[in-house]
Amino acid sequence: MDNFFKNIAAKYDIRLVEAMWILKLFSSEDLPEIAQQALMQGIESEAIIGLASCYSHEWWKIEKDFRSVLNESGGGTMPQLEALLRYARHISQKIVDGELSPKSGGLLINKVSEVDLSCVQEVHDMVCAALEIGDVPEMDAQYEALIVKGAKRLAALVLENDRDEPDIPG
């Protein structure tokens, strides 16, 4: 797992971890380390303890235990589009906060190779602009501004599962 993804694991957010899993941004072998980070933050459950205790070669146990973690947190059914939006929103917030350059953020979003990025215009525009930076140096400032504009919109995005209260059938 590269340092950027380790940083995400260090700030355990099960919805973001699920999104990144769906987008194939890390492997089964990385999940025990993410669970260990959750335990170090005081987030404890039987499923997280089970996942944290897995060895990297126990892929069948890792995936079973990760499904248990997702199920106990009310996850496990995130559609791919929501996963893309959740990941892009996370990256966008880092751009807005100045933790990532616009180009680096756009290129990180571009790592999501199995998703049609054109389904969300801001995401598509950010990635295209990031790929253009450096080709025509006099245009770089405009490309960066386009990425920051999209990042601000995505960072403010509220997704359905962001609500704290559970859905109660009426």
Side-chain angles (χ1 to χ4, degrees), residues 1-100 104-117 119-120 122-123 126-127 150-151 153-170:
M1 183 171 8
D2 73 26
N3 286 336
F4 177 76
F5 297 126
K6 281 186 179 184
N7 185 26
I8 289 173
K11 298 172 186 164
Y12 185 78
D13 171 352
I14 188 60
R15 298 289 171 252
L16 182 58
V17 170
E18 180 179 7
M20 291 176 65
W21 170 255
I22 289 167
L23 298 172
K24 299 180 178 160
L25 292 170
F26 53 79
S27 70
S28 296
E29 294 174 351
D30 299 320
L31 291 170
E33 184 177 345
I34 293 170
Q36 290 165 8
Q37 291 292 330
L39 290 172
M40 286 192 279
Q41 293 174 42
I43 302 167
E44 192 172 318
S45 74
E46 189 174 316
I48 291 175
I49 292 169
L51 181 57
S53 67
C54 289
Y55 293 101
S56 61
H57 66 275
E58 298 177 310
W59 59 268
W60 64 94
K61 185 174 181 335
I62 291 171
E63 291 193 18
K64 177 184 150 291
D65 287 351
F66 183 57
R67 295 274 173 229
S68 296
V69 170
L70 292 176
N71 288 337
E72 78 180 8
S73 68
T77 60
M78 186 182 296
Q80 194 173 48
L81 178 59
E82 182 183 342
L84 169 63
L85 290 171
R86 192 167 294 282
Y87 175 66
R89 180 180 67 181
H90 176 76
I91 299 298
S92 293
Q93 188 62 56
K94 291 198 167 295
I95 293 169
V96 170
D97 292 345
E99 295 176 37
L100 281 174
S104 295
L107 294 176
L108 279 169
I109 293 170
N110 192 45
K111 284 188 172 202
V112 182
S113 58
E114 294 188 19
V115 179
D116 178 11
L117 299 177
C119 64
V120 180
E122 285 88 357
V123 172
M126 289 171 66
V127 167
R153 289 182 57 151
L154 285 170
L157 185 66
V158 176
L159 299 170
E160 181 68 24
N161 289 326
D162 289 340
R163 297 175 305 171
D164 290 332
E165 68 278 358
D167 285 332
I168 301 172

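In this chain, numbering begins with 1 at the start of the sequence shown. Predicted model only: the values in this text are computed from it and were never measured.
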Can you check whether Ser73 reaches Arg15 side chain to side chain, under 4.5 Å on heavy atoms?
yes
Taking Asp30 for the side chain and Ser27 for the main chain, is one N or O donor matched with an acceptor at less than 3.5 Å?
yes
Looking at CD of Glu29 and SG of Cys54, how far apart are the two atoms once the value is rounded to the nearest 0.5 Å?
12.0 Å
Donor-acceptor under 3.5 Å (Asn110 side chain, Gly106 main chain)
no
Among residues at least two apart in sequence or on other chains, which ones pass side chain to side chain donor-acceptor pair (under 3.5 Å) with Glu63?
Ser28
Using side-chain heavy atoms (C-beta onward) and a distance below 4.5 Å, is His90 in contact with Met20?
no
Return yes if some donor-acceptor pair links the side-chain N/O of Arg89 with the main-chain N/O of Leu157 below 3.5 Å, else return no.
yes
Lys61: which residues meet the salt bridge (Lys or Arg N to Asp or Glu O under 4.0 Å) condition with it, sequence neighbours left out?
Asp65
Beyond-backbone contact of Val120 with Leu81, side-chain heavy atoms, under 4.5 angstrom:
yes
I want to check something: taking the side chain as every heavy atom from C-beta on, are Glu18 and Arg86 in contact at a cut-off of under 4.5 Å?
no
Return the minimal non-hydrogen interatomic distance between Gly150 and Glu122, and the atom names on each side.
CA-CG, 4.2 Å
Met126 side chain near Ile95 side chain, heavy-atom distance below 4.5 Å
yes
Out of curiosity, Ser104 OG to Lys94 NZ, how far, rounded to the nearest 0.5 Å?
12.5 Å
Ignoring hydrogens and angles, tell me if any N or O in the side chain of Glu58 forms a donor-acceptor pair with the backbone of Tyr55 under 3.5 Å.
yes
Just how far is it from atom CD1 of Ile14 to atom CG of Leu70, taken to the nearest 0.5 Å?
5.0 Å
Please find the pair of heavy atoms, one from Ala155 and one from Ser92, that lie closest to each other, and give the distance.
N-CB, 3.9 Å
Which value, rounded to the nearest 0.5 Å, describes the distance between Ile109 atom CD1 and Leu100 atom CG?
9.0 Å
Closest approach of Ile91 to Gly105 (non-hydrogen atoms, all atoms of both residues)
CG2-O, 3.4 Å
If you round to the nearest 0.5 Å, how far is CD1 of Ile48 from CD of Gln37?
12.0 Å
Is any side-chain heavy atom of Tyr87 less than 4.5 Å from a side-chain heavy atom of Ile22?
no
Under 6.0 Å from the CD atom of Glu44, do we count more than 12 heavy atoms belonging to anything else shown?
no
Nearest heavy-atom neighbours spanning Ala83 and Leu23
O-CD1, 3.5 Å
Side chains of Phe66 and Ile34, heavy atoms from C-beta outward: is any pair under 4.5 Å?
no
Nearest 0.5 Å, what's the CG-CD distance between Leu31 and Gln36?
11.0 Å
